[in-house]
Amino acid sequence: MPELPEVEVVRRSLVELVAGQRIIDVKVGWPKIIKSPEQHEQFQDALKGQTIRDIDRKGKFLIFLLDDYSLVSHLRMEGKYSKHKTEDPVDKHTHVIFCLSGGEELRYRDVRKFGTMHLFAKGSEWAVPPLSNLGPEPFSYEFSFDYFKGKLMKTDRFIKAVLLDQTIVTGLGNIYVDEVLFRSRIHPERKTKTLSDQEILTLKEQAALTLQESINAGGSSVNTYMNSYGQIGTYQNELKVYGRKDEECYHCGAIVQKIKVAGRGTHFCPACQVCN
DNA sequence: CTCTGGTCCTGTACGC
DNA sequence: TGCGTACAGGACCAGA
């Protein structure tokens, strides 16, 4: 599932592929993907004639900056964009098609149909969900030690639940949370109030470092992830615990366990990550 | 405040 | 072989 690194890699490929192009028509095959405006016909009408000026990102959200609107797109588990010739056959899982002035199409494909698109008047997107409640990204100035510690000391939740909470820090998903916790040698069920300053600092640093390393590797291609050129990433080869249930820990040789934490499948090394 | 569970979906992996 | 069923998951929402 695309998390911050994968979405950033997609963003970069989209800038190269469609920035500067004008949308001349929009086809919607599965209206439920369009969350706002409520009527998808309004979504289609508004986009006609709009030029894609730039593509931004916050956390796992892509933000297409148009002339008068911002199109906020979340890929969820399986969403992907790709560019096609008009005559290319349309895959059955393609649900939204943006016809571009250059005679090509930007297509949104999503097997699970979990992805979302919100269209807002440009500039107003930050005042309402889904962007309004997002916390800082792990490598941003706002994600300071004091900010993070403040959040951690004021809740009784498990650290895994907090790292998945996009209002506290945005961009981490199930894969990278497991990786960050392993690299920090912290058990996913540690209560955040018991974390030492050193552990908090390590978590903060490992979150930023892990995401940056993955971006540099083109993201992790678990399941079906690829960028908008159809290229896969290589960071899946660097994952230390995610997807390694019953395999030996690279660090100590113990057997990687998979349990359920915060409702999510959670991988960890029972020897390296002790819950005290 | 925060936890749980439902919702949205469908391909995959099971058990029989 | 084939069928039925459980499962996975990000964000959001309702209800406890």
Side-chain angles (χ1 to χ4, degrees), chain A residues 1-8 10-11 28-36 38 40 57-63 71-81 91-96 108-120 125-138 150-180 188-194 207 211 214 219-226 236 239 241-246 257-267:
Chain A
M1 62 237 71
E3 303 179 26
L4 189 152
E6 292 74 32
V7 178
E8 174 59 17
V10 167
R11 187 194 71 79
V28 176
W30 192 263
K32 283 186 175 178
I33 289 181
I34 315 301
K35 300 300 181 185
S36 76
E38 285 192 19
H40 71 277
R57 182 188 56 71
K58 176 80 185 257
K60 307 172 197 172
F61 289 90
L62 287 167
I63 308 166
L71 171 55
V72 179
S73 169
H74 198 301
L75 306 174
R76 293 293 175 92
M77 263 65 76
E78 300 258 4
K80 38 190 71 75
Y81 286 98
D91 178 275
K92 73 168 176 171
H93 297 301
T94 294
H95 308 306
V96 183
Y108 177 73
R109 182 174 182 274
D110 188 344
V111 170
R112 293 275 185 281
K113 298 176 175 170
F114 267 25
T116 59
M117 294 185 193
H118 293 77
L119 190 66
F120 298 110
E125 66 271 23
W126 300 102
V128 291
L131 298 185
S132 58
N133 294 319
L134 294 182
E137 299 192 347
K151 295 289 188 187
L152 295 173
M153 291 303 126
K154 158 167 91 172
T155 181
D156 289 317
R157 302 154 80 191
F158 293 140
I159 182 61
K160 168 136 185 176
V162 172
L163 291 177
L164 283 172
D165 184 341
Q166 303 294 301
T167 71
I168 290 176
V169 55
T170 188
L172 295 168
N174 205 38
I175 297 173
Y176 292 106
V177 166
D178 283 3
E179 292 300 307
V180 168
E189 289 178 311
R190 271 288 289 285
K191 292 279 194 175
T192 58
K193 277 179 180 166
T194 72
L211 296 187
S214 181
S220 300
S221 288
V222 299
N223 299 324
T224 64
Y225 165 76
M226 56 183 67
Q236 66 279 7
L239 298 175
V241 282
Y242 185 84
R244 299 197 63 246
K245 177 183 191 286
D246 295 336
Q257 311 280 306
K258 183 176 182 184
I259 59 175
K260 187 155 282 212
V261 181
R264 310 277 167 216
T266 299
H267 308 75

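Only this structure's heavy atoms are used, side chains among them; waters, hydrogens and symmetry mates stay out. All figures in this text were calculated on a predicted structure; none of them were measured in a lab. Order of the sequence lines sets the chain letters (A, B, ...), proteins ahead of strands, with each chain counted from 1.
Between A:Met117 and A:Leu71 there is a side-chain heavy-atom pair separated by less than 4.5 Å. A:Arg244 is not listed as a side-chain neighbour of A:Leu239, based on a closest heavy-atom distance of 4.5 Å or more. By the 4.5 Å heavy-atom criterion applied to side chains, A:Leu152 and A:Val162 are counted as neighbours. By the 4.5 Å heavy-atom criterion applied to side chains, A:Thr266 and A:Val177 are not counted as neighbours.
A:Arg264 comes within 4.0 angstrom of a base, heavy atoms only. Using a 4.0 Å heavy-atom distance criterion, A:Thr116 is classed as making no nucleic acid contact. Using a 4.0 Å heavy-atom cutoff across all strands shown, A:Gly265 reaches sugar-phosphate atoms only and no base atom. A:Lys154 comes within 4.0 angstrom of the backbone, heavy atoms only, and of no base.
Relative orientation of the A:Phe61 and A:His74 rings is perpendicular, given thresholds of 30° and 60° on the angle between their planes. Using cut-offs of 30° and 60° on the angle between ring planes, the pair A:His118 and A:Phe120 is parallel.
Cation-pi geometry between A:Lys80 and A:Tyr108 is not met at under 6.0 angstrom from the ring centre and within 45 degrees of the axis.
Between A:Lys35 and C:dA11 there is no side-chain polar atom (N or O) within less than 4.0 angstrom of OP1 or OP2. Within the 4.0 Å cut-off from OP1 or OP2 of C:dG10, not a single side-chain nitrogen or oxygen of A:His74 is found. Side-chain N/O atoms of A:Gln166 include none lying less than 4.0 angstrom from OP1 or OP2 on C:dG10.
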Which protein N or O atoms sit under 3.5 Å from an N or O of nucleotides 14-16 of chain C?
none

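At whole-Å resolution of the value, CD1 in A:Ile175 and P in C:dG10 are 8 Å apart. Computed from coordinates, the A:Lys191 NZ to B:dC3 P distance equals 7 Å when rounded to whole Å. Atom P of nucleotide C:dG10 and atom CG of A:Leu62 are separated by 16 Å, given to the nearest angstrom. The nearest whole Å value for the distance from the CG atom in A:Asn133 to the C1' atom in C:dC12 is 11 Å. Rounded to a whole Å, the CG atom of A:Leu172 is 11 Å from the P atom of C:dG10. As a whole-Å value, the separation of A:Met77 CE from B:dG11 C1' is 12 Å. A:Lys160 has its NZ atom 18 Å from the C1' atom of B:dT2, to the nearest Å. Nucleotide C:dA8 holds its C1' atom 8 Å from the NZ atom of A:Lys258, rounded to whole Å.
Between A:Leu172 and A:Glu3, the closest heavy-atom pair is C-OE1, 3.8 Å.
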Apply salt bridge (Lys or Arg N to Asp or Glu O under 4.0 Å) to residues A:Asp165 and A:Arg157 and explain how you reach the verdict. CA-CA 11 Å; A:Asp165 184 341; A:Arg157 302 154 80 191; 3.0 Å; yes
Starting at the 5' end of nucleotides 4-10 of chain B, put B wherever the base has a protein heavy atom under 4.0 Å, S where only the sugar-phosphate does, and a dash everywhere else. ----BBB
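Every residue two or more places apart in sequence or in another chain that forms a salt bridge (Lys or Arg N to Asp or Glu O under 4.0 Å) with A:Lys160 is listed here: A:Asp178.
Nearer to the 5' terminus of DNA chain C, by closest-nucleotide assignment, is the contact made by A:Lys260 (compared with the other of A:Lys260 and A:Thr170).
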